[in-house]
Amino acid sequence: MCVVAWGVRRARAGRRWGVAWVVVGALVIGGGFGVAGAWHAYRVQGHPLQVVRAGQRVVAVVELTDDPKRVSVRAFGGPKVMVRATLVEYRLGGRIVRAGGAVAVVAPAAGWGTLMPGQRVEFRARVGRPWRSDLTVAVLRADAVPVAVGDPPWWQRIAGRVRGDFAASAHRALSEDAAGLLPGLVIGDTSALTDHVQENFRETDLTHLTAVSGANVTILLGAVLVSMRALTVDPRVGALAAGVALVIFVILARPSPSVLRAAVMGAIALLALCTGRRKQALPALCAAVIGLLAWSPGLAVDIGFALSVLATAGLIVLSPAWSDWLRAHGWWRIPADSFAVAAAAFVVTTPLVIAISGHLSLVAIAVNMVVEPVIAPITILGAIGALLACVWSPLATLVLHCTAPPLWWLLTVSDRAAALGASMSLPSGVRSGLITAVICGLVLVALRPRPTPTPAIGTEP
């Protein structure tokens, strides 16, 4: 309160009013989020499932919030899926308890893989404690096929049909590895991704390509805007077309918090790339982070959200200056931009990756730089094929055939790079993350481009 009062006083006095209002705004927003976070944590700790003994069986009714995703067979002793859901009610000993809250459901793959977000199901499960310190109230280990007690919304059914038709067309047009990878690159659907491709991507730090990220949104919106400009369409119509494309993409990729986060981050990254105005893009990023956290407080402890914010900030703040420096030292524009983007994303996200997983790939920058040129063609052609798949599958198959060469290149690079074994296993945890952050900070200071001195007027160059 003393700092707030000082800031207001300085603002009224007209002395450094900008800094004062920034301090006041940061304190007010931080205090508001602190109170909201404490309230949500209190609700999780006081949830009725917290007093249920671990391992006790209940009959739960949940509403799915995401698609079921495969999990490691070694970790769970058989083919399993995990899905995020919202608890509606549960029955224990003849007593029905109606309570909300986020839960994670671990279940056999059979009977669960075809469920859709927004669908309500009932099943028997054993109650377990949450694995992470987030807003999840419990882990429910289902041991039977669920019973549907509600249909998903109409837009989720449409999205499910398009995703199914897209996957079928991909399998008709491509090899098994490529057909499993393509939906992951375009709309984040990794249900058909083969195990060895997934392992290669993990070893080479390419797993971000198979998750819905801001890069997907940036590529798709950029393609729409460039197409509108080539057709000499009014810029307002082009902006409207980009907005429609964004809505369609969000529906196809499922409007989960992670997808909406990617949509916002991709739009901001596109703003930075199109306008070249980093001073506008950075405040927009901060406003987007505040808005997303207010809408979904669980993102505050979401690793994907933190990595996305850091990568977008690196794209806005670091990569333009690094690209300019490389071009001033003889690099061509495309390789300079590619290396700057890959290096900036690697440097700013490495501390968090090491803190979480203890994994460091020594070839991550080179691999991401080598495969970056094929990501945009795969994403654009794949998106076109996804839309055509539900209209006329032969044409969709023909379009998806065109993605075979870039997908072959991506799979080959990841396989050869993973075979090098150029990855390190480091201690995970907060201490390792902080040490890595200090090292990366020193690297950023050392690599900061120095301005070229301008010769004085009248002097010899």
Side-chain angles (χ1 to χ4, degrees), residues 44 60-72 76 79-88 100-123 125 128 130-132 134-142 146 148-164 166-167 183-193 198 207-214 216-217 247-265 292 295-308 386:
V44 170
V61 177
V62 303
E63 182 176 303
L64 306 187
T65 58
D66 203 354
D67 287 291
K69 293 180 171 58
R70 292 183 305 156
V71 293
S72 173
F76 293 94
K80 301 285 186 180
V81 297
M82 187 177 73
V83 58
R84 294 285 175 178
T86 300
L87 182 65
V88 178
V103 295
V105 180
V106 179
W112 286 82
T114 57
L115 298 179
M116 298 182 185
Q119 190 170 4
R120 288 192 177 188
V121 295
E122 179 180 314
F123 57 95
W131 298 329
R132 300 186 302 178
D134 55 11
L135 299 182
T136 302
V137 298
V139 174
L140 302 179
R141 296 178 177 269
V149 295
D151 294 327
W154 62 268
W155 63 85
Q156 294 285 16
R157 294 197 297 270
I158 294 176
R161 177 188 171 189
V162 174
R163 289 162 69 99
F166 178 34
L185 295 174
V186 179
I187 55 177
D189 181 8
T190 59
S191 59
L193 190 64
Q198 193 169 4
T207 52
H208 62 92
L209 298 178
T210 58
V212 177
S213 66
N216 300 74
V217 181
V247 172
I248 294 175
F249 174 78
V250 169
I251 292 176
L252 288 180
R254 307 296 198 196
S256 62
S258 60
V259 172
L260 294 176
R261 172 256 300 167
V264 173
M265 295 303 167
L292 287 169
W295 173 72
S296 179
L299 291 175
V301 290
D302 186 271
I303 300 303
F305 177 72
L307 291 173
S308 180

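Keep in mind that what you see is a predicted model, and the values were worked out from it rather than measured.
At least one side-chain heavy atom of F166 sits under 4.5 Å from a side-chain heavy atom of I187. Looking at heavy atoms from C-beta onward, V61 lies out of side-chain contact with V121 at the 4.5 angstrom threshold. Using a 4.5 Å heavy-atom threshold, the side chains of V106 and W131 count as touching. D67 places none of its side-chain heavy atoms less than 4.5 Å from the side chain of V83. Side-chain atoms of F123 and L140, non-hydrogen and from C-beta on, do get closer than 4.5 Å to each other.
One distance of note links CD1 of I158 with CZ of R163; it measures 14.0 Å at 0.5 Å rounding. To the nearest 0.5 Å, atoms CG (L193) and NZ (K69) are separated by 12.5 Å.
Residues satisfying the side chain to side chain donor-acceptor pair (under 3.5 Å) test with Q198, not counting sequence neighbours, are none. Under the rule for a salt bridge (charged side-chain N to carboxylate O under 4.0 Å, His left out), the partners of R120 that lie at least two apart in sequence or sit in another chain are E63.
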Could you give the side-chain donor-acceptor pairs of residues 110-119 under 3.5 Å, partners two or more places apart or in another chain?
{"unit_1": "W112", "atom_1": "NE1", "unit_2": "A144", "atom_2": "O", "d": "3.2"}
{"unit_1": "Q119", "atom_1": "OE1", "unit_2": "M116", "atom_2": "N", "d": "3.2"}

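Under the 3.5 Å distance criterion, the side-chain polar atoms of R141 are left unmatched by any main-chain donor or acceptor of A107.
Counting non-hydrogen atoms of neighbouring residues, nucleotides and ligands closer than 6.0 angstrom, the CZ atom of R157 exceeds 12 such neighbours.
Across all their heavy atoms, I251 and A159 have their closest contact at O-CB, 3.2 Å. Closest of all the heavy-atom pairs between V44 and T136 is CG1-O, 4.0 Å.
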Point to revise | Check against side chain to side chain donor-acceptor pair (under 3.5 Å), R70 and T190 | key: CA-CA 8 Å; R70 292 183 305 156; T190 59; over 6 Å; no
